Q: 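Take this structure, written in structure tokens, and hold onto it; I'll ask about it next.
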Amino acid sequence: MSFKIDETSDILIEIRDLHFSRGERKIFDGVDIDIRRGCVTAIMGPSGTGKTTLLKLIGGQLQPDSGTIKVAGHDVHKLSRAKLYKLRQKMGMLFQSGALLTDLSVFDNVAYPLREHTKLKKSMIRDIVLTKLHAVGLRGARDLMPSELSGGMSRRVAMARSIVLDPMMIMYDEPFTGQDPISMGVLVQLIRLLNDALGMTSVVVSHDVKETAAISDEICVLSEGKIIEHGTPEQLKKSTSQWVQQFMYGMPDGPVPFQFPAVDYAQDLYGVHS
Amino acid sequence: MLSNTVQYLIHAFWHVLEHAFQRLGRSHIFLFHIILGIPSVLVRPLLLTKQIYMVGVLSLIIIIVSGMFVGGVLALQLYYELLKFGAENSLGVLNAISLVRELGPVVSGLLFSGRACSALAAEIGLMKATEQLSGMEMMAIDPIKRVIAPRFMAGIISMPILAITFSTLGIIGGHLIGVDLLGIDEGAFWSQMQDKVSFSSDVMNGVIKSIAFGFVATWIALYQGYDAVPTSEGVSRATTKTVVYASLAILALDFVLTALMYGEI
Amino acid sequence: MQKSKLMEVWVGIFAFIGIAGLVFLAYEVSSLSHSTSENTYSVSAKFTNIGGLKPRAPITISGVKIGEVVSISYDQDIYEAVVIMALEKQYDKLPEDTSASIFTAGLLGEQYIGLDPGGAEDYLEEGSEIDITQSAIVLEKVIGEFLFSQTADEGEE
């Protein structure tokens, strides 16, 4: 198949004027993002701003209303199905739940993409799978079933699975949510380590400010369908925007109000209606 | 005022109709994709074997037990009615014809939709809720080919086997009650049955029916699971819908097929 | 590995049950073995009235079943019903002047064809026709005639 993947340009993912809405609700209203090759880019924002949706758009699982997403020079939404699948082999994605296949063991889960997409020999597959499992520190857990794993472990297995085809990029969907401090530390370290050791590009979607800021080269902050700020973690911490300040330091009240929009408190309590 | 209400009603009606057609269209497009995925199943017989085990072998116990009981009870009922006309020797024929033509395919179809199809819908729904299907798509593996199509094939293959098993055990159950318990002449039981039951028009029509039931029930189950809202409530609703829709579809289809097969007399 | 092997064995058993069931339904429940056309030869007969005779009805000789009715049609030219019968090959020594009659098993039972061998030296073979036939006794007709003769008798007295 004559399908070339651009391996050289500096910008790996180029999002231009992205619009997407779900029903009446606008989720993206003109988003532009450039994700540079070899960097860890974080996309942050409060819950419900469509961070996961963005990853699904990049992966071609959802169609945008308008705008383009180019990955390695290919417009994801204009590719034929076969070419999109070819491109996806070069994109890893780590789902929030891990998305391991529950009826396969850890080893088989990691071996699954290899068995589907390559014609490697059994011994070769075994070697590759064990290398990847070793990289995430779970070589010893190869015979366990997904139901026997803790949340952090299943995410690490999923990580091993997403790097097993040696992709050029990997997308993490909320990798830190619901993790205890130790497995959080492990995951934080792994994301950075894998990115640098394998020469990949990483996109991390998260709202855990401290952990994300520690490993990312660049952060984009999303709010109400737009990128309101982007830059290195240091630049963001010094941002003049009140909104970014509130988000970065986790302040309970500010531009994002503590109260859900409601009628006046006193009016509500005394039952005075106009 | 009145025209407003009428307009509102028309609008609401159109809304419902539009949704119904949308789902109908989606389910057929889904079926089309499954059928396109069938060749890739034949390349991987192990996937199919596993699904036949899940869908067919695990339903075998309930089919065997119900087949025996239905056949036995049928024989018991028929015996006392036939005795009034002194025609108890026809028990074998009546028992076999009702099992092979109707009860075998229909009852095993209903049991199949309760036992196997509900499990299928729940499994696919949960795979969707836990992002396993999305995960496969992102690994550049088509879930319709790897997950849905093997289950569909397994349903179509298992259902006739289950229906045949049901009929066979029903006839054996009828023999146990009629011949061993109530003392009908064994020779009359078998010879009358052999004379009156036709292989091509009774047995094979039953098998064709059961293949059709397997097709429809599995399709409904897979579609409901695949289209489920990915929450625990959505999955439970998909399971319920599957059993209700699959059972109704089997009964309706049975009526149509019976009219087509035996209607010309 | 062990687990998947066990699973395959079970699926094998499942398929075997299906095939065994189908064979049972074919040879024990329905009579697939009896109706193979290879071992039969066909003979025709014309009747003025066949009553309730149906295809697959048995054909007997001295009460033993030797074949069955294949098809029934109506011949417009001679105003009679034509019945095609399939007789088993092993009974190939039926004289040419054998007669066929339609009988009823029991008072309300199924109708069947009874054959009565004649004395000719040639035997019936594939495609030959039975000339001597006796039509079905239609119960309504018999009762009607009986009542008619009764009332006629009463009228005379």
Side-chain angles (χ1 to χ4, degrees), chain A residues 3 52-53 55-62 71 76 79 81-104 108-118 146-147 151 154-155 157-165 167 169-174, chain B residues 15 18-19 22 26 29-30 32-33 36-37 39-41 43-55 58 119-120 122-151 154 225-227 229-232 234-235:
Chain A
F3 183 68
T52 307
T53 312
L55 294 188
K56 287 197 167 170
L57 281 164
I58 295 175
Q61 288 188 303
L62 294 173
V71 176
V76 174
L79 287 176
R81 194 180 163 77
K83 284 182 178 168
L84 178 63
Y85 270 50
K86 210 79 187 164
L87 183 63
R88 278 184 187 164
Q89 291 187 23
K90 290 265 145 204
M91 303 161 93
M93 177 146 174
L94 186 75
F95 285 86
Q96 202 171 339
S97 57
L100 296 177
L101 300 171
T102 39
D103 54 346
L104 299 179
D108 289 331
N109 255 296
V110 179
Y112 192 63
L114 284 177
R115 288 182 182 149
E116 287 289 331
H117 293 307
T118 67
S147 56
S154 58
R155 246 171 255 190
V157 173
M159 225 184 233
R161 186 178 65 179
S162 38
I163 58 170
V164 79
L165 287 173
M169 57 175 285
I170 183 164
M171 297 185 278
Y172 300 93
D173 184 8
E174 304 280 5
Chain B
H15 194 68
E18 196 182 13
H19 262 256
Q22 191 194 0
R26 246 202 325 234
I29 292 167
F30 179 69
F32 180 70
H33 282 300
L36 287 187
S40 71
V41 179
V43 188
R44 281 160 216 269
L46 199 67
L47 275 181
L48 185 61
T49 314
K50 185 170 181 198
Q51 291 312 320
I52 293 180
Y53 179 80
M54 303 294 285
V55 170
L58 295 182
L120 275 183
E123 190 191 9
I124 303 290
L126 274 174
M127 284 183 90
K128 191 183 180 191
T130 55
E131 295 177 310
Q132 292 183 50
L133 296 182
S134 280
M136 290 181 90
E137 270 181 34
M138 284 308 297
M139 285 189 277
I141 296 161
D142 189 349
I144 295 210
K145 282 185 186 158
R146 287 290 171 277
V147 177
I148 306 289
R151 285 165 171 77
Y226 197 74
D227 203 48
V229 181
T231 57
S232 47
V235 173

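Worth saying up front: this structure is predicted, and the values here are computed from it rather than measured. Order of the sequence lines sets the chain letters (A, B, ...), proteins ahead of strands, with each chain counted from 1. Hydrogens, waters and symmetry mates are skipped; everything else that's a heavy atom, side chains included, is used.
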Q: Would you name the heavy atoms of B:A140 and A:H117 that are closest together and state the gap between them?
A: O-CE1, 3.0 Å
Q: Please classify the contact between A:S162 and chain B as side chain, backbone, both or neither, with a heavy-atom cut-off of under 4.5 Å.
A: neither
Q: According to side-chain contact (heavy atoms from CB on, under 4.5 Å), who are the partners of A:L62, at least two apart in sequence or on a separate chain?
A: A:F20, A:R22, A:T53, A:K56, A:L57
Q: When only pairs under 4.5 Å are counted, which of A:Q89, A:R88, A:R161 shares the most heavy-atom pairs with chain B?
A: A:R88
Q: So, using ring-ring contact (aromatic ring centres under 6.0 Å, His included) as the criterion, who are the partners of A:Y112 when residues are at least two apart?
A: none
Q: For residues 138-148 of chain B, which residue pairs pass the salt bridge (charged side-chain N to carboxylate O under 4.0 Å, His left out) check, not counting sequence neighbours?
A: A:R81-B:D142, A:E116-B:R146
Q: So what's closer than 4.5 Å to chain B heavy atoms on A:L94: side chain, backbone, both or neither?
A: neither
Q: Report, by ascending residue number, the residues of residues 129-138 of chain B in heavy-atom contact with chain A at a distance under 4.5 Å; give 'none' if the set is empty.
A: B:T130, B:E131, B:Q132, B:S134, B:G135, B:M136, B:E137, B:M138
Q: Taking every non-hydrogen pair under 4.5 Å, which of A:M91, A:M171, A:M93 racks up the most with chain B?
A: A:M93
